[in-house]
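The structure appears right after this line, and notes come after that.
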There are 4 protein chains.
Amino acid sequence: MVTVDKPRRRSEKSRAAIFAATRELALERGFDKLTIEAVAAKAGVGKQTIYRWWPSRAVLVADVLLEDFGSMDLTVPDTGDLTADLIGWSRALARSLTTGDFSTSLRILTASAMEDAHTAQRLHATFGEPIHTSIRTRLEADGGLDAITAHAAADAIVGGVVYPILNQGNDYRPARAELLTRIILDGVRKP
Amino acid sequence: MVTVDKPRRRSEKSRAAIFAATRELALERGFDKLTIEAVAAKAGVGKQTIYRWWPSRAVLVADVLLEDFGSMDLTVPDTGDLTADLIGWSRALARSLTTGDFSTSLRILTASAMEDAHTAQRLHATFGEPIHTSIRTRLEADGGLDAITAHAAADAIVGGVVYPILNQGNDYRPARAELLTRIILDGVRKP
Amino acid sequence: MVTVDKPRRRSEKSRAAIFAATRELALERGFDKLTIEAVAAKAGVGKQTIYRWWPSRAVLVADVLLEDFGSMDLTVPDTGDLTADLIGWSRALARSLTTGDFSTSLRILTASAMEDAHTAQRLHATFGEPIHTSIRTRLEADGGLDAITAHAAADAIVGGVVYPILNQGNDYRPARAELLTRIILDGVRKP
Amino acid sequence: MVTVDKPRRRSEKSRAAIFAATRELALERGFDKLTIEAVAAKAGVGKQTIYRWWPSRAVLVADVLLEDFGSMDLTVPDTGDLTADLIGWSRALARSLTTGDFSTSLRILTASAMEDAHTAQRLHATFGEPIHTSIRTRLEADGGLDAITAHAAADAIVGGVVYPILNQGNDYRPARAELLTRIILDGVRKP
DNA sequence: AAGTAAGCGAGACGGTACGTCCAGTCTTGGT
DNA sequence: ACCAAGACTGGACGTACCGTCTCGCTTACTT
């Protein structure tokens with residue numbers, strides 16, 4: 001029989017208030033102007049309650065912002081038409097990443113990941129890896145590609161969309177993602 | 001006739017010491033553990049001398065680390081063989097970005113760019129834009145591509161190489177860049 | 001008939017453990033480094049159990065340390081020889097107050113009394129007043145002094161012994177108390 | 001030639017503001033409710049400026065409050081009449097110690113001295129020792145007493161006045177000091 | 001003997017203050 | 001005139017305890 005981790009009586013109300021305060025402050029002020037004191041004050045919570053459950057600001061912010069990415073549907077839809085599915089999906093990805101809080105969250109998480117290996121790993125596990133896998137497996141299944149080629153194609157699509165968005169922000173247009181996806185699909189399907 | 005910016009009476013010795021100290025500290029401790037006081041102490045310089053010439057830590061670090069990227073040769077070589085040139089170039093890029101200080105510098109600058117628009121613009125102007133243009137113009141010139149397609153292809157190559165390196169660090173292998181480049185060239189050249 | 005305070009259902013084991021822990025910590029670390037959390041931990045008791053029965057740290061410490069003074073015999077012995085009795089008694093007082101825990105306790109209680117009127121009153125009632133009365137009544141009874149003179153003489157003996165001990169600590173020698181007592185007795189008995 | 005301690009450029013304005021704030025807060029709230037943060041805020045000073053020059057709250061408070069005692073005239077006047085001089089002096093001492101800020105300061109310093117050896121030594125050097133010496137030397141010079149007897153008599157007068165004041169506060173009346181002084185002088189002068 | 005409520009240990013909670021680090025500004029003295 | 005040195009105000013850090021507040025568990029007193 002398995003013993004569950006001690007749940008250690010923890011106030012759900014405080015946890016939720018800390019999450020909400022952190023999300024708000026991170027999105028409106030950015031990561032490096034986010035202070036634990038401000039979060040505590042906004043959440044109506046003692047600082048120690050934050051330090052009791054999170055080891056560092058980086059982990060707190062990652063916990064909060066990754067929640068959104070975790071609940072995002074990153075899988076390529078399957079209507080039977082590989083090209084249409086991938087194009088639609090890449091446009092949707094571009095639209096998500098240039099819209100509202102996802103945009104800001106992604107930049108904050110990327111910044112944090114550059115300096116903290118643990119955040120890097122979590123961001124990858126929650127965002128980079130799922131989208132990569134999603135394309136890769138679809139390309140293998142329906143495009144008849146071998147694993148290595150599918151991997152490289154996925155690199156190109158993911159990086160080709162995400163990297164310009166990180167660099168140029170919300171000016172990125174979905175049409176740019178569509179064109180890129182077409183080129184890669186053309187390159188990958190020997191006619 | 002253009003008058004060069006008045007250099008005022010500025011101590012070149014101090015400037016160089018500050019650059020050296022900043023580079024060393026940034027590379028060994030990371031951006032957010034880099035303090036102006038530590039730089040001043042290591043450079044044997046008063047804090048005011050730093051504040052006199054740089055408005056913020058972000059700008060100082062960008063000045064210092066971008067120097068390296070500025071002196072990097074990012075242009076695609078031209079041997080006449082487009083495919084060979086691009087493949088060689090993408091491998092070289094991958095190799096540079098996973099080696100030594102470039103790797104660390106790129107991560108620091110990217111992190112800084114995520115939070116600071118000015119750094120973002122400078123990084124783009126010094127790194128992202130030149131490599132993108134370099135590929136794009138070559139594809140237009142020798143591949144016979146139209147501007148829009150060449151732009152999308154450049155997105156795919158640059159993002160496809162740089163984004164995984166940012167995420168997975170120095171495990172990235174040049175062969176991965178080569179395969180990706182081949183796919184895109186295949187997709188872009190109507191056979 | 002007086003009804004004693006309901007003792008409620010109070011754990012004698014906990015009370016004793018708290019007393020012991022408080023005494024040990026007070027004597028070894030001093031009053032202002034004594035924390036309720038440390039007492040609770042050392043006594044193996046919840047903090048609430050302390051707060052349930054004592055309103056403040058000052059009261060707890062006073063309760064604990066005054067116990068010792070309460071059990072001290074502070075009355076002047078009566079062998080019929082007033083001079084010998086008072087001298088012996090003042091030497092004994094000096095010896096007690098410079099020995100072992102009494103010394104430390106007296107300093108802690110005095111410090112606490114300086115800042116807290118309630119402790120001041122209790123220390124006075126348990127220590128200052130009894131020794132003062134003890135001398136005063138003896139001087140009135142056997143020395144034939146009027147109340148006012150006896151009071152002043154008691155001031156001189158008590159203050160003359162206790163004050164230097166508080167100030168100079170355990171270097172005080174009983175001979176000093178003896179000489180002082182002799183002088184006062186001389187001054188008080190018009191021959 | 002002696003080199004004076006480096007005076008280390010220090011802001012006199014800040015020093016004075018810290019002194020004033022500390023004195024006010026100590027006298028109105030007592031030692032243990034005095035916080036460094038409150039002093040800094042009231043003085044309009046960064047906390048670091050306090051920590052830069054004083055190692056602890058106890059030392060700061062001692063510095064500030066002892067200033068008053070240092071400027072107090074504690075010497076026994078000399079009109080030629082030993083009895084009148086000592087009586088007047090003891091009444092004046094009682095009056096000072098039961099009046100205004102001296103009363104509060106003495107209690108705070110005494111409390112602090114009980115827990116901190118360094119403060120104890122300074123309080124003794126600034127207050128206890130000078131008054132003791134003042135009486136003692138006068139008794140030796142004009143009363144014809146030997147050193148040991150004069151020492152004991154000084155113990156009696158100082159302790160006999162100060163100790164009740166510490167214990168019973170401002171209810172102490174100068175007449176009580178006068179009577180006590182008379183008794184001791186009587187005891188000390190062989191008629 | 002069972003039921004119940006007070007006392008208990010544990011420790012999370014909102015807070016206050018600690019003593020430290022650094023930011024960015026200001027001042028002094030030396031070269 | 002510029003610079004190194006470093007003191008200044010101020011904000012945030014992460015820690016220690018405060019006194020209050022549940023939470024289940026144990027225990028002694030009903031009835």
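Within every chain, numbering begins at 1; the chains are lettered A, B, ... in the order of the sequence lines, protein sequences first and strands thereafter.
Across D/Ser112 and D/Ala58, no two heavy atoms sit closer than the pair OG-CB, 4.0 Å. Closest heavy-atom contact between A/Arg23 and A/Val64: NH2-O, 3.3 Å.
The nucleotide whose nearest atom lies closest to any side-chain atom of D/Tyr51 is, among F/dC17, E/dG19, F/dA7, E/dG19. Ranking F/dT9, F/dA5, E/dG9 by closeness to the C/Val45 side chain, first place goes to E/dG9. In the set E/dG7, F/dT15, F/dC23, E/dG7 carries the atom at the smallest distance from any side-chain atom of C/Trp53.
One finds a side-chain N or O of A/Arg52 lying less than 4.0 angstrom from the OP1 or OP2 phosphate oxygen of E/dC13. Taking side-chain N and O atoms only, A/Ser14 has a distance below 4.0 Å to OP1 or OP2 of E/dG14. Here D/Ser11 does not reach the OP1 or OP2 of E/dT27: none of its side-chain N or O atoms lies under 4.0 Å away. Using a 4.0 Å cut-off, no side-chain N or O of A/Thr35 falls inside it from OP1 or OP2 of F/dG11. A close approach under 4.0 Å does not occur between any side-chain nitrogen or oxygen of D/Thr49 and OP1 or OP2 of F/dA7.
A cation-pi arrangement is present between D/Arg57 and D/Phe31 under the rule of less than 6.0 angstrom and at most 45 degrees off the ring axis. In this structure, B/Arg15 forms a cation-pi arrangement with B/Phe19, its terminal cationic atom sitting closer than 6.0 Å to the ring centre and no more than 45° off the ring axis.
Nucleotide E/dC22 holds its P atom 12 Å from the CG atom of B/Leu25, rounded to whole Å. For the pair D/Lys33 NZ and F/dC18 P, the interatomic distance rounds to 15 Å; values are reported in whole Å. The distance between atom CZ of C/Arg29 and atom C1' of F/dA16, rounded to the nearest whole Å, is 12 Å. Distance B/Trp54 CH2 to E/dG24 P: 15 Å, rounded to the nearest Å. The separation between C/Glu37 atom CD and E/dC13 atom P is 14 Å, rounded to whole Å. Rounded to an integer number of Å, the gap from B/Arg15 CZ to F/dC2 C1' is 17 Å. Computed from coordinates, the D/Lys13 NZ to F/dA7 C1' distance equals 13 Å when rounded to whole Å. We find that CG of B/Asp32 is positioned 18 Å from P of E/dC21, with the value rounded to whole Å.
Comparing C/Lys47 and A/Ile36 by the nucleotide of DNA chain F whose heavy atom lies nearest to each, the residue mapping closer to the 5' end is A/Ile36. Nearest-nucleotide assignment on DNA chain E puts the 5′-proximal partner with A/Gln48, out of A/Gln48 and D/Arg57. Both C/Leu34 and D/Ala43 lie close to DNA chain F; mapped to their nearest nucleotides by heavy-atom distance, the more 5′-ward contact belongs to D/Ala43.
With a 4.5 Å cut-off on side-chain heavy atoms, A/Trp53 and A/Leu60 do not count as touching.
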